[in-house]
Number of protein chains: 2
Amino acid sequence: MLARYNHSTRILLALDCIVFGFDGEELKLLLIKRDFEPERGKWSLMGGFLNEDEDLEVAANRILYDLTGLKDIYFEEIKTFGEINRDPVERTVSVCFFALINIHAHSQDAAKSQNAFWISLKNRPELIFDHSNMVNLALERLRYRAALHPIGFELLPEKFTIPQLQKLYEAIYDTPLDRRNFSRKILSTKLLIDTGEKNENSATKKAILYKLDQEKYQRQFNAFHYFVSDFKV
Amino acid sequence: MLARYNHSTRILLALDCIVFGFDGEELKLLLIKRDFEPERGKWSLMGGFLNEDEDLEVAANRILYDLTGLKDIYFEEIKTFGEINRDPVERTVSVCFFALINIHAHSQDAAKSQNAFWISLKNRPELIFDHSNMVNLALERLRYRAALHPIGFELLPEKFTIPQLQKLYEAIYDTPLDRRNFSRKILSTKLLIDTGEKNENSATKKAILYKLDQEKYQRQFNAFHYFVSDFKV
DNA sequence: CCAAAAGTGTTCGTACTACACCCATGG
DNA sequence: CCATGGGTGTAGTACGAACACTTTTGG
């Protein structure tokens, strides 16, 4: 490629990623405590720059891998942030996306090497640049998508119980849900397979451990499911 | 801003726009017959490059204004396309969005100056680069969004009838809908105001002309409406 | 007065809501 | 044996789907 367009403006392109996790009680964000400039010591999202010889999607996977040690993470692009002064160092356009991971599966070492910590979404600190806006938008989008599509499972371990799933949805929407109706709604999707095992950690009645019917999950993913019907966007 | 990031790769950033219109019968795309290189003589989307001193959103509005002569057009970002070789001339990352306009309100002069034509969505030609992929994704997103939110109105004139709206939805989803149920569903949203006028163009019974309740439209926009319930994404 | 399009009604079934009851477990 | 949490059942309701009838209009 020797030819070039006759347009002078070439811009630094960044990617920023909101990583959601769920610890069984509340939603968490994987945030970076910056030990580098600019804004050393403050909190930020995990990000990086797009390389010359790199697909955008490959770059997103690279950044997620560096942060979590995981491959094949579920993620969705949210929006590209392109205000002139959003980055005080230099004009930077940032492609922003959110990722959902099983909080127990990620590599502690990878996170530690990035100086990353799980922070409660509700008590999150102010973030640098426009990163707080990105998180707000990501949460909005997560709520939107999780109301219609079975993406919540991405935040849980391979085997999980319906009460665990319900706690996740209650955390996402910050609202209590009816046990019986929730259970019926989830089971009616036929996306769950009874593993025959029970959750041995419980102190009372042990709940059934289910796993996702992966094939049906892939096939039905884009069908509307209405998991949270009284949810107003 | 004298400092710069220590990262060498700065990339040409483009914007590409899928403009949808509705002529009362079918969905149309506003496409460019290229009289410039590369790919002179072939069809493409309307696009442009992001300028140094320009917000991304401002650039999108600029491109839409150049093409249609309209301001305050409804548009949504779809995805940012960043494959290495998507543009044969030079590595270019493109922020892609779709816009909805009233096909009769746009400026013929503006379109003509861009060598733009309304092309039937169904019979659209092959487009350059990855523009056909962009159109496919835009249609998918339009269907997704229009099933849940009242964006369809953006394609109609200020005053319109319910049968017109139905034809629009039938065009979007390429499927017939029941008159009676559709009418009830639309009216139940309370988003329409009876103007008291009738559609004088009709050869038979004249339909009531409605207009959008703009205030309620803004307020309820993000609430789910389920306009097309049997729609599978 | 007739064909075509527009407005309104009715019935049926499904699915959601708001409830109550029973079972399993560990202390 | 009891407190806690998990699984299942049921009645009422609301909404969507599938249907028919009446009204308006121009030719």
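Side chains are part of it too, since the values below use all heavy atoms of this structure and drop only hydrogens, waters and symmetry mates. A, B, ... follow the sequence lines: proteins, then strands. Residue 1 opens every chain.
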### Task
Spell out protein contact along nucleotides 19-27 of chain C as letters: B when the base is contacted, S when just the sugar-phosphate is, - when no protein heavy atom is under 4.0 Å; keep the 5' to 3' order.
BB--BBBS-

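Contacts of A:R145 classified as side-chain contact (heavy atoms from CB on, under 4.5 Å), with partners at least two apart in sequence or in another chain: A:Y74, A:E76, A:R141, A:H149, A:I151, A:F221, B:Y144. For A:N61, the side-chain contact (heavy atoms from CB on, under 4.5 Å) partners are A:E57, A:F75, not counting sequence neighbours. Residues that satisfy the ring-ring contact (aromatic ring centres under 6.0 Å, His included) test with A:F129, not counting sequence neighbours, are A:H131. In terms of the ring-ring contact (aromatic ring centres under 6.0 Å, His included) criterion, residue partners of A:F153 (sequence neighbours excluded) are, by chain and number, A:F160.
Whole-Å rounding puts the A:K167 NZ to D:dT4 P distance at 14 Å. Here D:dG7 presents its P atom at 12 Å from CG of A:L165, a figure rounded to the nearest Å. For the pair A:F182 CZ and C:dA15 C1', the interatomic distance rounds to 17 Å; values are reported in whole Å. Taking atom CG of B:L177 as the reference point, atom P of C:dA6 lies 14 Å away to the nearest angstrom. Distance, B:N199 CG to C:dA5 C1': 11 Å, rounded to whole Å. Look at CD1 on A:I186: it is 15 Å from P on C:dA15, rounded to the nearest Å. If you measure from atom CD1 of B:I208 to atom P of D:dT23, you get 15 Å, rounded to the nearest angstrom. Atom P of nucleotide C:dA15 and atom CZ of A:F227 are separated by 15 Å, given to the nearest angstrom.
If you check residues 187-196 of chain B against DNA chain C, you find no residue with a heavy atom closer than 4.0 Å.
Listed by first then second residue, pairs satisfying side chain to side chain donor-acceptor pair (under 3.5 Å) with a partner in residues 97-118 of chain A read A:H106-A:W118, not counting sequence neighbours. Listed by first and then second residue, the ring-ring contact (aromatic ring centres under 6.0 Å, His included) pairs involving residues 180-205 of chain B are B:Y169-B:F182 (not counting sequence neighbours).
In this structure, B:L148 and B:F227 have side chains that are not in contact, with every pair of non-hydrogen atoms separated by 4.5 Å or more. Using a 4.5 Å heavy-atom threshold, the side chains of A:R34 and A:I128 count as touching.
Heavy atoms of B:I162 sit nowhere under 4.0 angstrom from any nucleic acid atom.
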Which donor-acceptor pairs under 3.5 Å do the side chains of residues 210-217 of chain A make with protein atoms, sequence neighbours left out?
from	atom 1	to	atom 2	distance (Å)
A:D213	OD1	A:E215	N	3.3
A:D213	OD1	A:K216	N	3.2
A:Y217	OH	A:E154	OE2	2.6

